[in-house]
Amino acid sequence: MQKTTLITGGAGYIGSHTALSLIDAGHHVVVLDNLCNSCHESIERLEHLTHTRIEFVEGDIRDTPLLEAIFSHYDIEAVVHFAGLKSVANSVCQPLDYYANNVVGTLNLCQIMARFNVFNLVFSSSATVYGDPPKTPIVEDCGTGTPASPYGRSKLMVEQLLTDLALSEPRWSIALLRYFNPIGAHESGLIGEDPNGKPNNLLPCLTQVAIGRIPQLTVFGNDYPTFDGTCVRDYIHVVDLAEGHLKALQVLREDHGIHIWNLGTGIGYSVLQIIRSFEDVTGITIPYQVAPRRAGDIAQCWADASKAQRDLGWCARRNLAQMILDSWRWQSSNPFGYRHQAELLTAIAR
Ligand code: NAD
Ligand code: WQD
């Protein structure tokens, strides 16, 4: 049987880009996704880009019999685990959904992995586990903080769960990848970020203003203690992020235990710099208004990514102009994401 990498959440934004990188590097993959925040079209586009048939299972990581069937059918050697809910705002209104999906889902996945003697796991964590960091750039061993939302706390709980697991059984090789702010899209413009309903993150809001789906951008706060008063973040190209997963999988084959790596560029940009850069790259003027601060936002956050460079031989290679160009190519070639406009209008009318 062929050695296979299971990608949970592989129909989603980061998962689909990582599936592409893995397939391009010669991995055989199977994707498990319940499509609660994605659609089958992303899988079809992956098939187009890779000229292969993607093995896709529609289902939930909490469905134990389904996981047993997948682990029995394929010779799984590693799991790259993206599946989970990711909206900070929704997590405040529906905390139980977030803990059930992100924490219980991961617990279930790990139980099945152990039962089938699969011990290599790459987990999608987040810079949110640092809370409001005492200093920037953030190094992995500065300790975790208090995340501002149930979403963030679910990520921290999973990190703790996985750390305990790795300590309990030396065969586990686990990577906690702490992503900073993923943006951009594959250069083909065929796969990208397709948020359900109103987006929360800066880049999807910005590109939806540019395409005319949102009348103007709201800038949350211009009175932060930063050089221009707006928040500073470390934006990273999703393809660079995907390549980080590939490197982590290679290292996990040899290095057992728990490993934590920041995946960021090490450079921070303010909200106003992002708007200006978008205007420069695309030639489109972005109307915006300044509003009060958004609850839970921290002033600034960027990575020290030197540990990933040292251990994985990985660093982000794509600059901000490339990230913005690729985000815009995706949005402008797919104004309504993966769904066609007619389908969307029917859904809205219902
Ligand atoms: P996404 O929503 O595009 O992808 C997640 C995928 O998981 C979706 O396709 C969804 O349908 C699927 N899914 C959700 N719950 C599931 C379940 N119970 N069973 C099976 N499939 C399920 O999100 P993304 O931006 O690609 O994020 C991927 C991972 O990275 C998430 O765990 C997220 O928390 C984490 N992360 C994302 C960011 C970001 O800004 N995008 C930053 C840090 C960490
Ligand atoms: C970036 C900056 C906003 C929208 C979130 C999660 C984090 C991680 C990445 C998953 C902030 C400002 C935004 C808008 C704005 N996700 N902004 N107007 O908040 O850094 O991180 O996504 O793990 O956990 O918290 O990213 O893109 O939402 O915001 O002014 O319409 O843009 O205030 O300063 P954030 P973001």
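Note that ligands are numbered from 1 as they come in the structure, with each ligand's atoms numbered from 1 the same way. Side-chain atoms are counted along with the backbone in the values below, which use heavy atoms only and exclude waters and symmetry mates.
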(message) Starting from atom 23 (O) of ligand 2, what is the nearest protein heavy atom, named by residue and atom, and what distance separates them?
(response) Y151 OH, 2.5 Å
(request) Report yes if the distance between the aromatic ring centroids of W302 and Y235 is under 6.0 Å, otherwise no. (result) no
(message) Please check whether E193 reaches ligand 1 - meaning an N/O of the residue sits under 3.5 Å from an N/O of the ligand, judged on distance alone.
(response) no
(message) F220 versus ligand 2: do any nitrogen or oxygen atoms come within less than 3.5 Å of each other?
(response) yes
(message) Any nitrogen or oxygen of L202, side chain or backbone, less than 3.5 Å from one on ligand 2?
(response) yes
(request) List the closest protein heavy-atom neighbour of atom 17 (C) of ligand 1: residue, atom name, distance to the nearest 0.1 Å. (result) N34 ND2, 3.2 Å
(message) When you measure from the heavy atoms of S42 to every atom of ligand 1, does any distance fall below 4.0 Å?
(response) no
(request) Please indicate whether any nitrogen or oxygen in Y179 is less than 3.5 Å from any nitrogen or oxygen in ligand 1. (result) no
(message) Which residue and atom name correspond to the protein heavy atom nearest atom 12 (C) of ligand 1, and how close is it?
(response) D33 OD1, 3.3 Å
(message) Students should be able to answer this: which protein heavy-atom is nearest to atom 40 (O) of ligand 1, and at what distance?
(response) P182 CD, 3.3 Å
(message) Hydrophobic cluster membership, with links at side-chain heavy-atom distances under 4.5 Å among I/L/V/M/F/W/Y: are V29 and L32 in one?
(response) no
(message) Less than 4.0 angstrom from a charged side-chain N to a carboxylate O is my criterion; do R45 and E41 meet it?
(response) yes
(message) Tell me if a side-chain donor or acceptor on Y74 pairs with a main-chain N or O of Q2 at a distance below 3.5 Å.
(response) no
(message) If we set the cut-off at 4.0 Å for heavy atoms, which region of Y235 has an atom near ligand 2: side chain, backbone, both, or neither?
(response) side chain
(message) Checking the side chain of D60 only, and the main-chain atoms of N34 only, is there a donor and an acceptor separated by less than 3.5 Å?
(response) no
(message) Quick one: does any side-chain atom of T8 pair with a main-chain N or O of A83 as donor and acceptor, under 3.5 Å?
(response) yes
(request) Determine whether L206 and V271 fall in the same hydrophobic cluster, where Ile, Leu, Val, Met, Phe, Trp and Tyr are linked whenever their side-chain heavy atoms lie under 4.5 Å apart. (result) yes
(request) Could you tell me whether some N/O pair between R233 and ligand 2 is separated by less than 3.5 angstrom? (result) yes
(message) Does only the side chain of L203 get under 4.0 Å from ligand 2, or the backbone, or both, or neither? Count heavy atoms.
(response) neither
(request) For S124, take its heavy atoms, then give the atoms of ligand 1 lying under 4.0 Å from any of them. (result) 29 (C), 30 (O), 32 (O), 35 (C)
(request) May I ask whether V80 and I43 are part of the same hydrophobic cluster, defined by side-chain heavy atoms of I, L, V, M, F, W, Y residues being less than 4.5 angstrom apart, directly or through others? (result) yes
(request) Flag the pair H17 / F82 as yes when their ring centroid distance falls below 6.0 Å, and as no otherwise. (result) no
(request) Give the residue, atom name and distance (to 0.1 Å) of the protein heavy atom nearest atom 28 (C) of ligand 1. (result) F82 O, 3.7 Å
(request) Taking the side chain as every heavy atom from C-beta outward, state whether L320 and S277 have any pair of such atoms under 4.5 Å apart. (result) yes
(message) Considering non-hydrogen atoms of the protein only, which is the closest contact for atom 33 (C) of ligand 1, and what is the distance?
(response) Y151 OH, 3.6 Å
(message) Both conditions, 6.0 Å and 45 degrees, for the charged tip of R178 above the ring of Y130: are they met here?
(response) yes
(request) Examine ligand 2 and decide if any of its atoms is less than 4.0 Å from a heavy atom belonging to Y179. (result) no
(message) Would F180 count as a polar contact of ligand 1, with the cut-off being nitrogen or oxygen pairs under 3.5 Å?
(response) no
(request) Give a yes or no answer on whether the side chain of N262 reaches the backbone of I138 with a donor-acceptor pair at less than 3.5 Å. (result) yes
(message) Please check: side-chain N/O of K155 versus main-chain N/O of S124, any donor-acceptor pairing under 3.5 Å?
(response) yes
(message) Just to confirm my output: which protein heavy-atom neighbour is closest to atom 26 (O) of ligand 1, and how far is it?
(response) I14 N, 2.8 Å
(message) Measuring from non-hydrogen atoms of G59 to any atom of ligand 1, is the shortest distance under 4.0 Å?
(response) yes
(request) Classify the contact between N101 and ligand 1 as side chain, backbone, both or neither, using a heavy-atom distance cut-off of under 4.0 Å. (result) side chain
(request) Only heavy atoms count here, so choose which of V209, V88, V271 is nearest to atom 12 (C) of ligand 2. (result) V271
(request) Report yes or no: do Y151 and S87 form a side-chain donor-acceptor pair below 3.5 Å? (result) no
(request) Check whether any side-chain N or O of R153 sits under 3.5 Å from a backbone N or O of P147 as a donor-acceptor pair, and report yes or no. (result) yes
(request) Measure from atom 36 (P) of ligand 2 to every heavy atom in V129, N201, D297, V219 and give the option owning the shortest one. (result) N201
(message) Starting from atom 5 (C) of ligand 1, what is the nearest protein heavy atom, named by residue and atom, and what distance separates them?
(response) G84 O, 3.9 Å
(message) For T218, which part has a heavy atom under 4.0 Å from ligand 2: side chain, backbone, both, or neither?
(response) backbone
(message) Counting only heavy atoms not in Y288 (residues, nucleotides, ligands), do more than 12 fall under 6.0 Å from its OH?
(response) no
(message) Check this for me - ligand 1, G12, N or O atoms closer than 3.5 angstrom, yes or no?
(response) yes
(request) From the options I61, I183, N201, select the one whose nearest heavy atom is closest to atom 19 (N) of ligand 1. (result) I61
(request) Among all protein heavy atoms, pick the one closest to atom 8 (C) of ligand 2 and tell me residue, atom and distance. (result) S126 OG, 4.0 Å
(message) Under the ring-ring contact (aromatic ring centres under 6.0 Å, His included) test against H245, which residue among W314, Y179, F123 passes?
(response) Y179
(message) Closer than 3.5 angstrom, by distance alone: can the side chain of N108 be matched with the main-chain N or O of I61 as a donor-acceptor pair?
(response) yes
(request) Indicate, as side chain, backbone, both or neither, the part of S125 found under 4.0 angstrom from ligand 1 when only non-hydrogen atoms are considered. (result) backbone
(request) Could you see which bit of L35 sits under 4.0 Å from ligand 1, with heavy atoms only: side chain, backbone, both or neither? (result) backbone
(message) Starting from atom 26 (O) of ligand 2, what is the nearest protein heavy atom, named by residue and atom, and what distance separates them?
(response) N181 ND2, 3.1 Å
(message) Between ligand 1 and K155, can you find any atom pair, the residue atom being a heavy atom, that is separated by under 4.0 Å?
(response) yes
(request) Could you tell me the residue and atom name of the protein heavy atom closest to atom 19 (O) of ligand 2, and the distance to it rounded to 0.1 Å? (result) R294 NH2, 2.9 Å
(message) I'd like to know whether ligand 1 has G105 as a neighbour, heavy-atom separation below 4.0 Å.
(response) no
